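Just so we're clear, the structure is a prediction, and the values are computed from it rather than from any experiment. Order of listing sets the numbers, starting from 1, for every ligand and every atom in it.
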Amino acid sequence: MRQYIAELQRLSRNLWWSWDTEAKELFKELSPLLWERVNHNPVELLRHISNDELMARLDCEFGEKLSHVIDRFDAYLASNDTWAAHNAPSLTKKPVAYFSAEFGIHESVRIYSGGLGVLSGDHIKSASDLGLNFIGITLFYKEGYFRQHLNQDGWQIENYPTQYPESLPIEKVTDAEGKDLVISINIAQSEVFAQAWCLHVGRAKLYLLDTNIPANEAHYRNVCGRVYGGDQNMRINQEILLGIGGIKLLKALGLDPAVYHMNEGHSAFLTLELLADKLAEGQTLDDAKKAVTSKCVFTTHTPVPAGHDRFSRDMMHYSFSKYLEKAGISFDDLMRLGIEDQNNLGGLFTMTVLALNLSRSANGVSKLHGEVSREMWQHLYPGKSVEDVPIGHITNGIHIPSWGSGFTDKFWRHYTDSLETLSSSTEEAEKILAKVSDKELWCLRYRLKRNLIDFVYRYLSNQLYHQHVYGTYMEEDSSKLAKNPLSPDVLTIGFARRFATYKRAPLIFSDIERLNRMINNPTMPVQIIFSGKAHPHDDAGKHFIREIVECARLPQFKGKIISLENYNLGVAKRMISGVDIWLNNPLRPMEASGTSGQKIALHGGLNFSIPDGWWPEAYNGENGWSIGQGEQFDDYEQQDRHDAEELYATLENKIIPTFYERNEDNIPVKWLKKVRNAISTIGPVYNTHRMVRDYTTNYYLNEE
Ligand SMILES: *Cc1c(COP(=O)(O)O)cnc(C)c1O
């Protein structure tokens, strides 16, 4: 029994469990209620579970399951027969260091805000699965990103619960003498100290820097407060810590990476510390720049000029004065590395420009985003035509084992050994699909949708309770819901993402009457589930949330349009597996890639999206639907009108009729044909195993 507990503890301290269906179930089985209460956090579960409950659960049967999981866990950690061992042997000695301001690995580790973090999390998981020698670097945010509540007016309320190290599977990094490893960096005129934590993600390690220690003044402790929190000054401090602090940490650990991957410009200050090291060795600035450039690769994620981090000359001067003195870099030389117009040294310092200037390769995150990025940054490369601007693309993906775990994973394992086989190639997927009857596939859909609806009810009762706490509870809400329950027989649309305004969450409400006719059609009804957070500074995004909450409250939509608060990885997992249609209507071409739609395919959901980001590459006419053909207008209102019309017309004329067209067994044969097409064409391409292999062969291994 004591041994069971020790094994469970060990399992809880490596996030490998989060993408293993059976490991996850072990924790849940220990105490299903507590599991929900601790936000699916095994460390917390094991801290708080009562002895009686443990006694009751830890029987022989449990022990057998546990040892089965532990055997697989140990085999995973020990395996040398990996993709990287065969395809990237030169990387086995020196690691890839991957810097990102956020990592979304599991909902219980709140160091992410949205898509960028989820991508980093999926990247590190695939790097582990492929056996790549891989290290992630980020910050330990004490409050993480906010927890969202919606008040009765539909206005977003932000709470920042503290996350404590003892509740997380992280351990302090120590030096050779066993003392806490602490690095120091110069910010403005101060010396700021950071200790390091380590999080195990399968075979990979994620290091988190933390300024929340007594050695720092309060001002600098807060640098590790919130993900993208505070003002510009906070932002630059976080980015100095991530970039420069990250390199100092790697040096303190004695690591000499083969390549530094900057995932978005936030970490680009790392190039300065690398430059400083070369200058200290006596190199000229030009030689130092060449040496640094040969080690760095950069991924940009932002197709909108305003979305890039920029700092004023004054702020740069203030923040870097002491650092530059020690580094031996002049202030003008620093500014030249990050300004867009070399004739205007007073211009803004742009992180993306710094990263582009000091990377051997750069890429966007979809084919379309590559094109947009080449156009956007052409002016940095005088004399080059748009096609020759050295920014390529690697399209984003998702970590299939994470996004398919649970019921779906078990379903597919009746027909094949793993989800990874299902998503290995279109041919393989078609072979597997040939073994699955329409009836079985439709049963999967029905079951997943019912699971989602059960989840929605449990979640909503909590949500209504919170409204009670905030004094805004309305009796009527819960009784209406009880009378008009969501139905697993009804076509279900999901829309969930960050509520950045370009994503246009309320577009489907453009014509309430027309929407009403679809939602309340007596023979072919529709129901919609929304969820999403707006950035705390984004009032326009918060107004969008309110608009949706208000529309969902209209009498004709009660219980048929639902909005769930606090979108996070846990809510995302439920939604993407249950819905029939995943709606995505951003303003083209502002969605660099988008990944949420990639998550639904293996659950049998279908995408309905503006041809933006990854979708124009993936859409083949049979594996989902497109909203329009990518028409772009200069006038925003005209664009919205056009896209809303396309959205309604496609729903009315294609999607809804196809869903409700049934054979004698009540099975939508044509619909399922599309589902099969989506499973065989999306999973095999839009996954992070493919993505990390592409990064490795095209960029990590491609030294100059
Ligand atoms: C997948 C995911 C995203 C990314 O969604 P897109 O809008 O498609 O980029 C954001 N947040 C969470 C919680 C996710 O799981």
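Remark: Lys674 qualifies as a cation-pi partner of Trp625 under the 6.0 Å distance and 45° angle criteria applied to the six-membered ring. The cationic atom of Arg226 (NZ for Lys, CZ for Arg) does not lie both less than 6.0 Å from the six-membered ring centre of Tyr228 and within 45° of the ring axis.
Contact annotation: Lys503 has at least one heavy atom less than 4.0 Å from an atom of ligand 1. Using a non-hydrogen distance threshold of 4.0 Å, Trp403 registers as a contact of ligand 1. Not a single heavy atom of Gln598 sits less than 4.0 Å from an atom of ligand 1.
Proximity to Leu569 (heavy-atom distance under 4.0 Å) selects the following atoms of ligand 1: 13 (C), 15 (O). Residue contact check: Ala572 has heavy atoms under 4.0 Å from atoms 15 (O) of ligand 1. Ligand 1 places these atoms under 4.0 Å from at least one heavy atom of Asn568: 13 (C). Near Thr595, with a cut-off below 4.0 Å to any heavy atom, the atoms of ligand 1 are 1 (C), 4 (C), 6 (P), 8 (O), 9 (O).
Note: His261 and Tyr98 have perpendicular aromatic rings, judged against thresholds of 30 and 60 degrees for the angle between ring planes. Taking the six-membered ring for Trp and thresholds of 30 and 60 degrees, Trp19 and His399 have ring planes more than 60 degrees apart, a perpendicular arrangement.
Nearest protein heavy-atom contact of atom 8 (O) of ligand 1 is Ser596 OG, 2.6 Å. Closest to atom 9 (O) of ligand 1, if we only count protein heavy atoms, is Gly594 CA, 3.4 Å. Protein heavy atom closest to atom 11 (N) of ligand 1, with residue, atom name and distance, is Tyr567 CE2, 3.6 Å. In terms of protein heavy atoms, atom 4 (C) of ligand 1 is closest to Gly115 CA, 3.5 Å.
Between the side chains of Glu158 and Gln156, at least one donor N or O sits under 3.5 Å from an acceptor N or O. With hydrogens and angles left out, the side-chain atoms of Glu565 and Ser531 include no donor and acceptor closer than 3.5 Å. In summary, the side chains of Arg147 and Asn568 do not present any donor paired with an acceptor at a separation below 3.5 Å, with no hydrogens or angles considered.
Remark: the backbone N or O of Ser680 is paired with a side-chain donor or acceptor of Thr426 at under 3.5 angstrom.
If you check each of Arg497, Lys573, Lys599 against atom 3 (C) of ligand 1, the one with the closest non-hydrogen atom is Lys599.
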